[in-house]
Amino acid sequence: MLKTTAHSMARTAVAAGLAALLMTGAATHAATAATATADDGLPNVTILATGGTIAGTGATSTTTVGYTAAKVGVDKLIEAVPELKKVANVKGEQVFQIASENMTNEHWLKLAKRVNELLAQKDVDGIVITHGTDTIEETAYFLNLTVKSTKPVVIVGAMRPSTAISADGPVNLYNAVTLAGSKDAVGKGVLVSLNDQINAGRDVTKTNTSTADTFRTPELGFLGYMQDNKAHFYRQVVRKHTAEAEFDISNLDSLPQVDIVYGYANNNRTALDALVKAGAKGIIHAGVGDGSLSNAMKPGLVDARKQGVVIVRSSRVGNGIVARNGEANDDELDFVASDTLNPQKARILLMLALTRTTDTKAIQKMFYTY
Ligand code: SIN
C-alpha cells in the first residue's frame, strides 16, 4: 500500500517549487544557500565537509584504488545531490579538506567546537559531517563524547571516489542528511551512516579495506536502516554520550598525549619505552586475546605506571569485554581495563579522561560509563 503522509506531501510540494525555482535560474549557491523558506517544514541541516574519499577523484571512472582523496569542495558535493533539497534546507561549510589518515587531535577540537557552535543555534536542527572512512570511527567516538547537544550528528563517507561508476557518496550523503533531519535520530548520540545502515559512533568500526559494506558494529549490531527516505531504528546505545557526557573541550587547544602499543608474539618494550620518553601521559596496550601482557611487555608497562603514565589494557581482537583483573591483576598493577572499546577508541576516551583526572579508579568508571 502506498503511504502518503502530510509531511511527504509537503516535501513533494516544496520539491516542485524548488524545481521551478531552479528552472528559472533563481537557485542560489548550494554551499551557502538554505534552499527553501524557513517555515517550509523541512529541517535545517548543515553539512561540515572534512575531505576523504567522498570528496575524492580518480583518473577514470573505473579507478577505485589509487585515486586522490579530499579534492572536491562541499558546494560540489551538495550540487551533485539535488534531491537533498527535498529533505532538508542544506547549508555547507568546508571545515578542512584532508585524507582522514591525517586527522589530528587539533582537527577534532576544531570540528567539535564548530559542531557545538552550530547546534547551539535554534535554526540548526542537525549536522552532517563528510569524512574519510579510515578514521571515521575515531572522529565519531570523539564527537560522541564532546558534542553538547541531543540534536542529530551524522558522519558519512564513501568507499568509492566521486568520479567512480556507482560512487556511493551521493546516496550516502542523501541518507545522512535525511537522518540528520529526522526526529527519530534525536538523542541517539553521534551516528555513522553508509551503505543504507545506521551505526552508533561508540561501536562502529571499519572491517574491510575496500568494500562498500565495510562499516559494521560486529556482534552488538547496527542501530537501523535508511530506507525509502526514512530512518528505521531498531535498537540504541545505552552508554552515556553527547549532552550527558562530562567532557568539555570548549577551552582546550590540545589533548594529553596518549599512544597505542601493539601486542604480538615475540614483542618487546622498545616502542613503549620510546613513547613514554617522548611524553606519553597514557598508553593503550592493544593486547592479544583478553588484553594479555607478555613477559617482555609487562615490566615496561609497570615502569611506565610508576612514572605516572596511565595504562589501559585493550585488545587487538575487535570484539568482547577486556575483563578487569582477568588476564592481569589490574587492582595490583593500577591499570585500567578498556571494557569493549577497541584500542583506537580507548585512546580517545583516555585522552578526554586525562583532561579531567589522573585517578585510575575514576578513569575505570569512565570506561564503564561511556
Ligand atoms: C580517507 O580516509 O580519507 C581515505 C579513505 C576513504 O575515505 O575511504
Side-chain angles (χ1 to χ4, degrees), residues 47-78 80-81 92-112 114-115 127-144 153-177 179-180 190-199 201-218 222 226 260 318 342-345 347-348:
I47 299 178
L48 300 179
T50 72
T53 294
I54 194 167
T57 57
T60 71
S61 61
T62 53
T63 304
T64 53
V65 174
Y67 57 86
T68 312
K71 296 301 272 186
V72 180
V74 66
D75 49 349
K76 290 273 180 285
L77 293 182
I78 294 172
V81 193
E93 266 181 47
Q94 194 75 47
V95 187
F96 31 84
Q97 181 71 297
I98 59 169
S100 78
E101 64 266 29
N102 296 319
M103 193 61 66
T104 62
N105 295 348
E106 288 68 36
H107 288 113
W108 282 337
L109 290 170
K110 181 176 178 184
L111 187 59
R114 187 63 188 134
V115 169
I127 301 278
V128 167
I129 298 164
T130 62
H131 197 291
T133 62
D134 289 346
T135 58
I136 219 171
E137 66 189 86
E138 292 171 61
T139 299
Y141 190 50
F142 183 78
L143 294 177
N144 200 50
V153 176
V154 181
I155 314 196
V156 63
M159 290 303 288
R160 293 190 274 268
S162 65
T163 43
I165 303 173
S166 294
D168 50 337
V171 70
N172 287 347
L173 184 61
Y174 176 78
N175 280 337
V177 169
L179 181 58
V190 173
L191 302 170
V192 173
S193 179
L194 290 89
N195 203 40
D196 297 343
Q197 292 163 347
I198 307 165
N199 278 285
R202 180 188 188 275
D203 300 313
V204 67
T205 193
K206 190 173 188 179
T207 63
N208 186 291
T209 55
S210 51
T211 59
D213 62 349
T214 179
F215 283 97
R216 301 283 165 119
T217 300
F222 51 82
M226 292 306 299
I260 301 174
N342 69 22
Q344 57 271 32
K345 295 198 196 220
R347 189 183 88 87
I348 289 163

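First listed ligand is number 1; within each ligand, the first listed atom is number 1.
Going from atom CG of Asp196 over to atom CG of Asp213 covers 11.5 Å, rounded to the nearest 0.5 Å.
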Which pairs of nitrogen or oxygen atoms, taken one from ligand 1 and one from the protein, are under 3.5 angstrom apart?
from     : atom 1 : to     : atom 2 : distance (Å)
ligand 1 : 2 (O)  : Ser100 : OG     : 2.6
ligand 1 : 2 (O)  : Thr133 : N      : 3.2
ligand 1 : 2 (O)  : Asp134 : N      : 3.0
ligand 1 : 2 (O)  : Asp134 : OD2    : 3.4
ligand 1 : 3 (O)  : Ser100 : N      : 2.6
ligand 1 : 7 (O)  : Thr53  : N      : 2.9
ligand 1 : 7 (O)  : Thr53  : OG1    : 2.9
ligand 1 : 7 (O)  : Thr133 : N      : 2.8
ligand 1 : 8 (O)  : Thr53  : OG1    : 2.9
ligand 1 : 8 (O)  : Thr133 : OG1    : 2.4
ligand 1 : 8 (O)  : Ala158 : O      : 3.4

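Side-chain N or O atoms of Asn172 include one that pairs as donor or acceptor with a backbone N or O of Asn195 at under 3.5 Å.
A search for ring pair (Phe, Tyr, Trp, His ring centres under 6.0 Å) contacts involving Tyr141 returns nothing, not counting sequence neighbours. Contacts of Phe222 classified as ring pair (Phe, Tyr, Trp, His ring centres under 6.0 Å), with partners at least two apart in sequence or in another chain: Tyr225.
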Walk me through whether Leu111 and Phe142 qualify under side chain to side chain contact (heavy atoms under 4.5 Å, CB included).
CA-CA 10 Å; Leu111 187 59; Phe142 183 78; over 6 Å; no
Result block: side-chain N/O donor-acceptor pairs under 3.5 angstrom for residues 158-167, not counting sequence neighbours:
from   : atom 1 : to     : atom 2 : distance (Å)
Arg160 : NE     : Ser166 : O      : 2.8
Arg160 : NH2    : Ser166 : O      : 3.2
Ser162 : OG     : Gly56  : O      : 2.7
Thr163 : OG1    : Gly58  : N      : 2.7

